[in-house]
Amino acid sequence: MNPEAHSKKVSTLFDNIAGWYDFLNHFLSMGQDLYWRKRLVATIRFGSTGNILDLAAGTLDVSLAIAHQKSAKQIFAVDFSRSMLHKGQQKIHNAHNIMPIQGDGRFLPLPDHCVDTVTIAFGIRNILPRTDAYKEILRVLAPGGRLCILEFGTGQTQIWKGLYNFYLHWILPKVGVFFSKDPEAYQYLADTITAFPQARTLAQELLDAGFSKVLYQPLSSGIVYIHIAQKAG
Ligand SMILES: C[S@@+](CC[C@H](N)C(=O)[O-])C[C@H]1O[C@@H](n2cnc3c(N)ncnc32)[C@H](O)[C@@H]1O
């Protein structure tokens with residue numbers, strides 16, 4: 001599938017499940033997603049701009065966690081799904097430094113060097129080609145800034161004696177379709193998790209894209225990983 005057709009498919013998919021997204025996230029991860037996002041936010045560093053980009057911001061859970069845990073000047077919350085952002089906007093309340101922006105991670109509607117950290121939670125595996133997003137992220141990051149990625153582990157190594165893999169391929173698509181009534185969406189989730197590179201391969205991919213240093217850390221026995229990629233100062 002070409003990148004444009006893929007983008008259209010993904011944004012339509014998230015538009016369709018936006019109403020169920022938060023509930024299913026918490027339910028299917030048994031509340032772990034809140035802890036994972038909190039750990040992601042703890043990796044944020046500030047520099048000269050005071051601004052953060054939360055890319056693939058969805059219903060703004062990471063942006064809100066940043067607003068609560070950190071004192072950012074502006075949090076640009078970029079996502080191409082209008083319905084996901086709309087759902088998130090209803091939760092902003094007093095977090096006035098969050099600025100939702102409808103846009104594509106491959107063509108960021110932001111000026112050069114305007115943020116100190118880019119966060120992306122459960123988003124990078126949806127973007128094709130990822131190299132286009134890396135290029136844009138490097139452009140908007142200030143020198144010395146960092147990209148902090150939260151993403152599922154691929155399940156290529158057995159976690160909890162294969163329980164995670166069973167959950168991923170059998171339980172998750174069935175529960176997802178039961179609530180969201182979208183047979184494609186949660187199968188897509190399982191497929192993209194499996195197809196995503198292992199942590200070490202992703203680290204090399206980020207170095208090849210131009211980041212100067214990359215670290216990664218498994219959480220919950222490798223169900224998810226945090227990757228931190230530094231732009232040269
Ligand atoms: C699984 S959700 C994650 C949302 C949020 N970060 C979270 O932690 O819940 C993935 C999001 O990525 C967005 N997305 C996928 N590809 C994108 C792209 N090329 N540009 C902008 N947003 C994208 C989708 O619209 C969706 O809201």
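When a ligand or atom number is given, it counts from 1 through the structure's own listing order. All values derive from a computational prediction rather than experimental measurement.
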Can you list every protein residue that has a heavy atom under 4.0 Å from any atom of ligand 1, sorted by chain and residue number? Val10, Phe14, Tyr21, Asn25, Arg37, Ala56, Ala57, Gly58, Val62, Asp79, Phe80, Ser81, Met84, Gly103, Asp104, Gly105, Ala121, Phe122, Asn126, Ile127
Out of curiosity, Leu108 CG to Cys114 SG, how far, rounded to the nearest 0.5 Å? 8.5 Å
Can you label the angle between the Tyr134 ring and the Phe211 ring as parallel, tilted or perpendicular, going by 30° and 60°? perpendicular
Can Tyr188 be reached from Val224 by stepping across I, L, V, M, F, W or Y side chains whose heavy atoms are under 4.5 Å apart? yes
Partners meeting salt bridge (Lys or Arg N to Asp or Glu O under 4.0 Å) with Arg139 (sequence neighbours left out): Asp112, Glu136
Going by salt bridge (Lys or Arg N to Asp or Glu O under 4.0 Å), name the residues that satisfy it together with Lys8, two or more places apart in sequence or in a different chain. none
Restricting to side-chain contact (heavy atoms from CB on, under 4.5 Å), what partner residues turn up for Leu215, sequence neighbours left out? none
